[in-house]
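To start, the structure itself, in structure tokens.
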Amino acid sequence: MSKALALGLPTAMVSAALYGVAPLVQARAARREEESSGLGLGLLARLVLRPLWLLGLAVEAASFLLEVYALSVAPVAMVAPVMALDMIVFTLLAQRVLGERISLTGWLGVGSMVAGVGLLAYAFARRAEVGAAASTDVLLAFLVLGLIFALVCAFFANVAAARHMIAGAAFGFGAAAGVCYAIATLATRQIGLAVNDRRDGQSALADLLTTPTPYVLVLFSVLALGLQQRGLQGRAAVIAFPVTSGVSAFLPVTLGLTLFGEPAPDGAQRVAFVVAMVMVAAGIAALGRDRMAANRSVDELEGAASPADRPDSDRPDSERPDSERPDFGRPDSDLGQLPHHGDDSWNPPGRADGGQSAALRELG
């Protein structure tokens, strides 16, 4: 068994699992803040003061270190699709925390992604080379084009959010965050290759400081975090997260095989590779559809209930005494609580946002 399969694949899977945990923790912290705007950098500045959000960031940092190692021994065309498994972990944890059921479509998506990763392992069983590092010119091109794309997507996503166009806002923030994560992955790949060279005694890690790599990594990681937090606020998480996962998984694969000289599998392995990509993509789409269906079903149940039929606990906060409000005297609920924020710019005016149904709507 090659080093890529023996060490790179399991390390990437653990990294993906931790990446799936981090957004769920960060989402709880993000929803305790007022609705943000722009690229989400103001929201990010407030969140760094939240211990709960910092816990999610610590989990993400551990995931990053594992990803660096995986990319030092395995090609990005194998590692990046495996990282999409974070979506499965995110969905299963949301189910566990909120008691929500996953539909048959969702379970088929999980099975498709797992089978796709299995085929991916077979595809790279004989040939799993890491390829060449990106040149400075290529990194600078990613820097400029990535920034332009992220800014354009964020602009249209904010316009869509202001008009209560949830799907449009979710897709915009998800695509922008996905591209930023993809470019950060390519910078992470550069670090992984430097680690590999360091093991061979060919170069020192300090040499990276003279290249755009660490700065591209920091810039796009911060942008991705800010854009993702914008996507996690409100109901858009059920759509934004699958879009982010899909873009960040497949863009590095394309670039690895075209720009960085990573050899594609041949013969039967090439067929397995193509099928694996299709199965992972189908799994992401199925899980995304499952999350959106859950979101719509909660909305329909809430819309069907008239104010007269609601129990007292479902009345809007504006109609309840202060002593009965769930947030009364507690602006910062603990991890087990679901805080109330009232209306935000992604929810129709006048809709109360407290309770488990809101959490189902927001987390999918």
Side-chain angles (χ1 to χ4, degrees), residues 7-8 10-33 36 39-72 79-80 82-98 173 177-178 180-192 194-195 205 208 213-233 237 240-241 244-245 248-249 331-339 359 362-363:
L7 298 176
T11 301
M13 293 176 70
V14 175
S15 177
L18 293 179
Y19 272 130
V21 173
L24 190 63
V25 178
Q26 291 171 334
R28 287 183 173 273
R31 292 192 189 98
R32 297 176 184 179
E33 299 293 333
S36 185
L39 298 175
L41 298 182
L43 170 64
L44 200 58
R46 297 193 300 272
L47 288 173
V48 296
L49 303 177
R50 295 283 190 177
L52 180 59
W53 189 86
L54 291 175
L55 174 62
L57 186 63
V59 173
E60 202 159 44
S63 306
F64 169 76
L65 294 177
L66 292 173
E67 185 183 9
V68 167
Y69 179 78
L71 288 168
S72 74
V79 173
V82 173
M83 302 305 295
L85 293 178
D86 62 353
M87 190 175 171
I88 294 179
V89 177
F90 179 87
T91 301
L92 295 180
L93 282 179
Q95 177 201 33
R96 177 72 176 175
V97 171
L98 301 173
F173 287 126
C180 289
Y181 274 126
I183 295 176
T185 295
L186 296 176
T188 304
R189 175 182 180 272
Q190 295 285 100
I191 298 176
V195 169
L205 289 177
L208 282 174
T213 296
Y215 314 107
V216 169
L217 175 63
V218 171
L219 173 63
F220 283 98
S221 294
V222 171
L223 276 178
L225 276 173
L227 290 164
Q228 186 180 51
Q229 302 317 304
R230 288 286 285 122
L232 289 173
Q233 282 193 314
F241 197 73
T244 299
S245 294
S248 62
D332 297 321
S333 305
D334 58 25
L335 181 62
Q337 296 288 334
L338 295 173
E362 292 177 351
L363 281 178

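Sequence positions, counted from 1, serve as the residue numbers for this chain. What's counted below: heavy atoms across the whole structure, side chains too, no hydrogens, waters or symmetry copies.
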Partner residues of [X] under the side-chain contact (heavy atoms from CB on, under 4.5 Å) criterion, sequence neighbours left out:
X: Ala84; value: Met113, Ala249, Val280, Ile284
X: Leu66; value: Thr11, Val14, Ser15, Leu18
X: Pro10; value: none
X: Thr188; value: Phe64, Glu67, Val68, Leu71, Leu217

Heavy atoms only: give me the nearest [X]-[Y] pair and the separation to one decimal.
X: Ala16; Y: Leu85; answer: CB-CB, 4.1 Å
X: Leu227; Y: Cys180; answer: CD1-SG, 4.0 Å
X: Val79; Y: Ala12; answer: CG1-CB, 4.0 Å
X: Gly56; Y: Ala22; answer: O-CB, 3.5 Å

Nearest-0.5 Å distance, [atom1] of residue [X] to [atom2] of residue [Y]:
X: Tyr181; Y: Leu186; atom1: OH; atom2: CG; result: 15.0 Å
X: Thr244; Y: Phe173; atom1: OG1; atom2: CZ; result: 11.0 Å
X: Leu92; Y: Met87; atom1: CG; atom2: CE; result: 11.0 Å

List the residues meeting side chain to side chain donor-acceptor pair (under 3.5 Å) with Ser248, not counting sequence neighbours, and say none if there are none. none

Side chain Ser72, main chain Tyr69, donor-acceptor under 3.5 Å: yes

